[in-house]
Amino acid sequence: MSIAKQITTRKMAPTDIPNVQMLIRQAFGDEEDDYLSDNLTSDRIRVVIAEHNSDLIGAAATYYNRLHPYVVGIFIVVSEPYRRQGIGRQLHNAVLQAYPLEKHHIAISGDYVQENSQKDKEAEAFLSAMGYQLVLDCHCVELNIENFNFTRHLAIPSQFESLRITSLEVLFTAPTKRQKVFDFLLLRYMEEHFWSPPQSKDYPAWKDIVFRGVLPELSFALREGDRIVGVSTARISNGDTLDMHWAYISRQYSIDAAVALLKCLLAHQFKAAHAHKLYKADLEIDTTDKVISALLDWLPIYNDKVWHMLQKPRSDS
């Protein structure tokens, strides 16, 4: 008898949580998804487990985050001795059957960290076999800006003499200007991610998402008169790291011009970081964004992890 036929699946009970957390940690080690394992009781995370002779041997979860409530993430883990026997597929189908997508959900996503390991190849092969297609590569880079020479990029290129760089400390003193910063960031995010909130009621929640933890003294806007044409925001993480949040330039500029202007914004950010005695920085770079992706060879990167996201549209069949 196939071992897959000996496997039983059921919804996770509260008493299962410690064992599920241990399974995740054993399977992923340092690459463990802390958000998932630490929030298994959240109503955003729904889990099905797989058992063999009453032993936990796998788990699958569907979940969503506040950035993309219309796309459901899927997470699957199977204990090493039970892999490559169809149990991942069984868990995939079981969790979607136990917790069907809701009407507003438009797609399902899975992702993994690329480290050129066999585990990565297996993750990609599994998701591809389940009908998922690659939609995004995201570089999670760590920077060493202590000795990085950014000073020559502080001046705006002469061909853009009408532009000015302003700290968000200045702009945030006026609600109307703060709103313009928000509108610009949300518009650019939607343009780069091919996404828009179906209803205007979603916008208030995004105010918190866009500005949560952002420090105006470490964030800057590029302005043409009263119009916002670029923004880079940041906060501080772990007490000593510049956590660079979003960095966008208006699509009105060519790629080359936008790259030059973005370097200028980031140079001001690095200068402010030095003033705060911050010499490390974190930044996510989506390869779908051609402007910020062009900075991969310019930034002082000392560690680069690449997240691959695969996605497939919902199916009601």
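In what follows, every heavy atom counts, from backbone to side chain, and hydrogens, waters and symmetry copies are set aside.
The shortest heavy-atom contact between Ala59 and Leu91 is N-CD1, 3.6 Å. Taking each heavy atom of Ala221 and Leu168 in turn, the nearest pair found is CB-CD2, 3.9 Å. Ala247 approaches Asp289 most closely through the heavy-atom pair O-OD2, 4.5 Å. Nearest heavy-atom pair across Arg10 and Ala13 is NH1-N, 4.0 Å. Contact record, Ser109 with Val71: OG-CG1, 3.2 Å, taken as the closest heavy-atom pair. Closest non-hydrogen pair, Ile145 versus Pro300, comes out as CG2-CG, 4.1 Å.
Here the OG1-CD1 distance, from Thr8 to Ile57, works out to 8.5 Å after rounding to the nearest 0.5 Å. Atom CD1 of Ile76 is separated from atom CZ of Phe126 by 4.0 Å, given to the nearest 0.5 angstrom. Between Glu284 atom CD and His245 atom NE2 the span is 8.5 Å, to the nearest 0.5 Å. Here Leu101 contributes atom CG and Arg314 contributes atom CZ; the two are 5.0 Å apart, rounded to the nearest 0.5 Å. Here Ile17 contributes atom CD1 and Met12 contributes atom CE; the two are 4.5 Å apart, rounded to the nearest 0.5 Å. Separating the CD atom in Glu191 from the CG atom in Leu186 is a distance of 10.0 Å, to the nearest 0.5 Å.
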Exercise for the section: Give the C-alpha distance, both sets of side-chain angles, the deciding distance and a yes or no for side chain to side chain contact (heavy atoms under 4.5 Å, CB included) between Arg223 and Lys180. Expected result: CA-CA 11 Å; Arg223 303 168 66 197; Lys180 286 182 179 180; over 6 Å; no
Problem - Stepwise side chain to side chain contact (heavy atoms under 4.5 Å, CB included) check, Leu185 with Trp206 - result: CA-CA 10 Å; Leu185 286 172; Trp206 273 82; over 6 Å; no
Practice task
Show the numbers, then the answer: is there a side chain to side chain contact (heavy atoms under 4.5 Å, CB included) between Leu96 and Ile108?
Solution key: CA-CA 10 Å; Leu96 291 175; Ile108 314 168; 3.9 Å; yes
Practice task
Could you check Phe150 against Trp298 for ring-ring contact (aromatic ring centres under 6.0 Å, His included), going step by step and ending with a plain yes or no?
Solution key: CA-CA 10 Å; Phe150 55 80; Trp298 175 74; 9.0 Å; no
Exercise for the section: Tell me, with the steps shown, if Leu222 and Phe160 meet side chain to side chain contact (heavy atoms under 4.5 Å, CB included). Expected result: CA-CA 11 Å; Leu222 188 66; Phe160 304 110; over 6 Å; no
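Residues Phe270 and Ile156 are members of one and the same hydrophobic cluster, defined by side-chain heavy-atom contacts under 4.5 angstrom among Ile, Leu, Val, Met, Phe, Trp and Tyr. When hydrophobic clusters are built by joining Ile, Leu, Val, Met, Phe, Trp and Tyr residues whose side-chain heavy atoms come closer than 4.5 Å, directly or via intermediates, Ile165 is grouped together with Leu266. A continuous path of hydrophobic side-chain contacts links Val210 to Phe172 [ILVMFWY only; heavy atoms under 4.5 Å]. No chain of hydrophobic side-chain contacts below 4.5 Å, direct or via other Ile, Leu, Val, Met, Phe, Trp or Tyr residues, connects Val259 to Val231. Cluster membership for Phe184 and Tyr253, using ILVMFWY side-chain heavy atoms within less than 4.5 angstrom, is not shared.
The shortest distance between side-chain heavy atoms of Tyr248 and Ile228 does not fall below 4.5 Å. Using a 4.5 Å cut-off on side-chain heavy atoms (C-beta onward), Ile255 and Val291 make contact. The side-chain heavy atoms of Met244 and Leu143, taken from C-beta on, include a pair separated by under 4.5 Å. Residues Arg89 and Asn93 have side chains in contact (heavy-atom distance under 4.5 Å, counting atoms from C-beta outward). Between Tyr279 and His274, some side-chain heavy-atom pair lies under the 4.5 Å cut-off. Counting heavy atoms from C-beta outward, Phe75 and Ile45 have side chains that stay 4.5 Å or more apart. Taking the side chain as every heavy atom from C-beta outward, Leu261 and Pro157 approach each other to under 4.5 Å. Between Lys207 and Gln179, the closest side-chain pair of non-hydrogen atoms falls below 4.5 Å.
Within a 6.0 Å radius of CD in Gln252, more than 12 heavy atoms belonging to other residues, nucleotides or ligands are found. Residue-environment remark: CG (Asn303) exceeds the threshold of 12 foreign heavy atoms within 6.0 Å. Within a 6.0 Å sphere centred on NZ of Lys271, other residues, nucleotides and ligands contribute 12 heavy atoms or fewer. The local environment of CD in Gln133 is sparse, with at most 12 non-hydrogen atoms from other residues, nucleotides or ligands closer than 6.0 Å. For Gln159, the CD atom sits in a packed shell: over 12 heavy atoms of surrounding residues, nucleotides or ligands are nearer than 6.0 Å.
At least one donor-acceptor pair closer than 3.5 Å links the side chain of Lys312 to the backbone N or O of Met130. Looking at Arg235, its side chain does come within 3.5 Å of a backbone N or O of Arg212 through a donor-acceptor pair. Remark: the backbone N or O of Arg188 is not paired with any side-chain donor or acceptor of Arg251 at under 3.5 angstrom. Listed for the Ser293 side chain is a donor-acceptor partner under 3.5 Å among the backbone atoms of Asp286. Side-chain atoms of Ser219 come within 3.5 Å of backbone atoms of Ala234 as a donor-acceptor pair (strictly under, hydrogens ignored). In this structure, the side chain of Arg84 does not engage the main chain of Pro81 through any donor-acceptor pair within 3.5 Å. No donor-acceptor pair under 3.5 Å is formed between the side chain of Glu146 and the backbone N or O of Lys280. Between the side chain of Ser254 and the main chain of Ala257, a donor-acceptor pair closer than 3.5 Å is present. Proximity of a side-chain donor or acceptor of Asn19 to a complementary backbone N or O of Asp16 within less than 3.5 Å is not detected. Under a 3.5 Å cut-off, the side chain of His268 and the backbone N or O of Leu265 do not form any donor-acceptor pair.
Both tests do not hold together for Arg44 against Tyr63: distance to the six-membered ring centre under 6.0 Å, angle to the ring axis within 45°.
Between His92 and Tyr132, the angle of the ring planes goes over 60°, which puts this pair in the perpendicular group of the 30/60° scheme. A parallel orientation is assigned to the rings of Trp246 and Tyr189, their planes being inclined by less than 30° (bins at 30° and 60°).
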